[in-house]
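See structure below.
We're numbering straight along the sequence, starting at 1.
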Amino acid sequence: EAVVVGLHTCGDLAASTLRMFAAKPELSAVCGVGCCYHLLSEEFNLDGLEKPLQTVCGFPLSQYLCNQSWFCGRNARMSACLALERVSLGQGIQMESLFYRAVLHVILRDHYSSYKSEKRVGNVYSKAKSFVDYVRRALRRLELDDSKLCDSDIQSYHDTYEARMDEMHAFNLLKVTLAPCIEGLILLDRLCYLKEQENVSFSALVQLFDPLLSPRCYAVVGLKSHAMKLKS
């Protein structure tokens, strides 16, 4: 007999862990804490921007939600990764970084036809000395020609949109407020999957950690009874 334990199982790994637990008779229990919801693949992603590379996706996991063709989309899954408890104490949202990324997107829309590139900018903000430096680093990361824009053109975008920082702050606070709802949907889908399995005798969501220390603080727990394991 064995127990499967996953601490911060990233993206689809959390769903794969639960599927493995349900399929393998020698596994008696599972305890998994998921993370990186933005990396989940979705079977019914109706926005058309993401195409799952595999036939078995990470969401939805339960037959109940599959029957209803539930989907979140990348923006909602990104929001699920936010930490309401930290933000409520004044931590967690780097507004300048988010502002830089938003204005960069406007620049890409206005000057580059491939602004919906599959490439990721990554953590350019921490290395940038200014907004102009940030944009140039990001364009090079995206393999785009940064010589198309002079420094004054780039800075003019920053100056134009700076007055809307309060709007962006309010929008991101709304995203943080909704984050527990989206995370709850993903976690309850996993719990529902375990409850659908005939060989699982007990399943629950259990808070293991202080959310200030680890925002992903809930574990999906499942147990098989000895009689059910014998049947399988």
Side-chain angles (χ1 to χ4, degrees), residues 8 10-12 35-42 45-53 71-183 211-216:
H8 291 178
C10 184
D12 287 350
C35 69
C36 302
Y37 301 128
H38 60 296
L39 297 178
L40 274 174
S41 60
E42 295 196 65
N45 193 350
L46 301 186
D47 60 19
L49 296 179
E50 296 176 280
K51 304 294 184 184
L53 299 177
F71 76 102
C72 293
R74 182 176 173 81
N75 284 335
R77 287 184 279 111
M78 287 288 289
S79 298
C81 298
L82 299 173
L84 177 61
E85 290 81 6
R86 288 181 177 178
V87 173
S88 66
L89 295 180
Q91 308 170 16
I93 296 185
Q94 294 183 324
M95 282 307 304
E96 187 176 64
S97 172
L98 294 173
F99 175 69
Y100 277 18
R101 181 69 67 92
V103 179
L104 170 66
H105 190 80
V106 177
I107 293 173
L108 293 174
R109 181 197 65 192
D110 290 351
H111 297 278
Y112 298 90
S113 59
S114 60
Y115 72 95
K116 289 184 179 179
S117 170
E118 293 297 320
K119 299 182 179 67
R120 303 295 181 192
V121 172
N123 188 21
V124 173
Y125 174 78
S126 63
K127 304 181 181 87
K129 299 176 182 178
S130 66
F131 177 71
V132 173
D133 185 35
Y134 170 85
V135 171
R136 296 207 179 281
R137 286 175 180 269
L139 291 175
R140 289 193 292 269
R141 180 71 64 87
L142 295 172
E143 298 180 2
L144 297 172
D145 181 12
D146 70 315
S147 66
K148 291 176 64 174
L149 297 168
C150 64
D151 288 356
S152 59
D153 289 336
I154 295 174
Q155 186 61 38
S156 68
Y157 275 90
H158 177 282
D159 298 343
T160 297
Y161 287 97
E162 189 174 21
R164 302 188 65 181
M165 278 281 285
D166 288 343
E167 294 176 48
M168 187 171 183
H169 188 241
F171 175 73
N172 279 282
L173 287 179
L174 178 60
K175 288 178 64 177
V176 171
T177 302
L178 294 174
C181 301
I182 305 167
E183 182 180 26
L212 290 175
L213 299 177
S214 175
R216 308 284 76 81

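Using modelled atom types, one finds no donor on one side chain facing an acceptor on the other under 3.5 Å when comparing His158 with Ser130. Donor-acceptor pairing under 3.5 Å is recorded for the side chains of Gln155 and Asp159. Side-chain contact annotation: Tyr157 with His111, donor-acceptor N/O pair under 3.5 Å present.
How far CE of Met95 is from CG of Asp166: 8.5 Å, rounded to the nearest 0.5 Å. Residue Asn172 holds its CG atom at 5.0 Å from CG of Leu98, rounded to the nearest 0.5 Å. Put simply, CE on Met168 and CZ on Arg101 are 10.0 Å apart, with the number rounded to the nearest 0.5 Å. Between Tyr161 atom OH and Ser156 atom OG the span is 10.0 Å, to the nearest 0.5 Å. Expressed to the nearest 0.5 Å, how far CG of Leu104 lies from CG of Leu139 amounts to 6.5 Å. Arg136 contributes atom CZ, which lies 8.0 Å from atom OG of Ser147 (distance to the nearest 0.5 angstrom).
With sequence neighbours excluded, the residues forming a side-chain contact (heavy atoms from CB on, under 4.5 Å) with Leu84 are Val176, Pro180, listed by chain and number. Qualifying side-chain hydrogen bond (donor to acceptor under 3.5 Å, both in side chains) partners for Glu96, counting only residues two or more places apart in sequence or in other chains: Tyr125. His169 pairs by the side-chain hydrogen bond (donor to acceptor under 3.5 Å, both in side chains) definition with nothing, not counting sequence neighbours.
Taking the six-membered ring where the residue is Trp, Phe99 and Phe131 present tilted rings, their angle falling between 30° and 60°.
Taking both residues in full, the closest heavy atoms of Ala80 and Ile182 are given as CB-CG2, 3.7 Å, listed atom of the first, atom of the second, then distance. Of all heavy-atom pairs between Arg86 and Pro215, the closest is NH2-CD, 3.4 Å. Contact detail for Cys10 and Leu39: the closest heavy-atom pair is SG-CD1, 3.5 Å. When all heavy atoms are compared, the tightest approach of His8 to Ser214 is NE2-OG, 3.2 Å.
Under a 4.0 Å N-O distance rule, the pair Arg137/Asp146 does not qualify as a salt bridge.
You'll find the side chain of Leu144 reaches within 4.5 Å of the side chain of Leu108, heavy atoms only. Residues Val87 and Leu82 form no side-chain contact, since every pair of their non-hydrogen atoms from C-beta on lies 4.5 Å or further apart.
Side chain of Asp151 to backbone of Val132: no donor-acceptor contact under 3.5 angstrom is found. The closest donor-acceptor contact from the side chain of Asp133 to the backbone of Lys129 lies under 3.5 Å. Judged by distance alone, with hydrogens and angles left aside, the side-chain atoms of Arg77 form no donor-acceptor pair with the main-chain N or O of Glu183 at under 3.5 Å.
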Going through the checks in order, is the side chain to side chain contact (heavy atoms under 4.5 Å, CB included) test met by Leu149 and Tyr112?
CA-CA 11 Å; Leu149 297 168; Tyr112 298 90; 4.3 Å; yes
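The environment of CZ in Arg140 is crowded: more than 12 heavy-atom neighbours from other residues, nucleotides or ligands sit within 6.0 Å.
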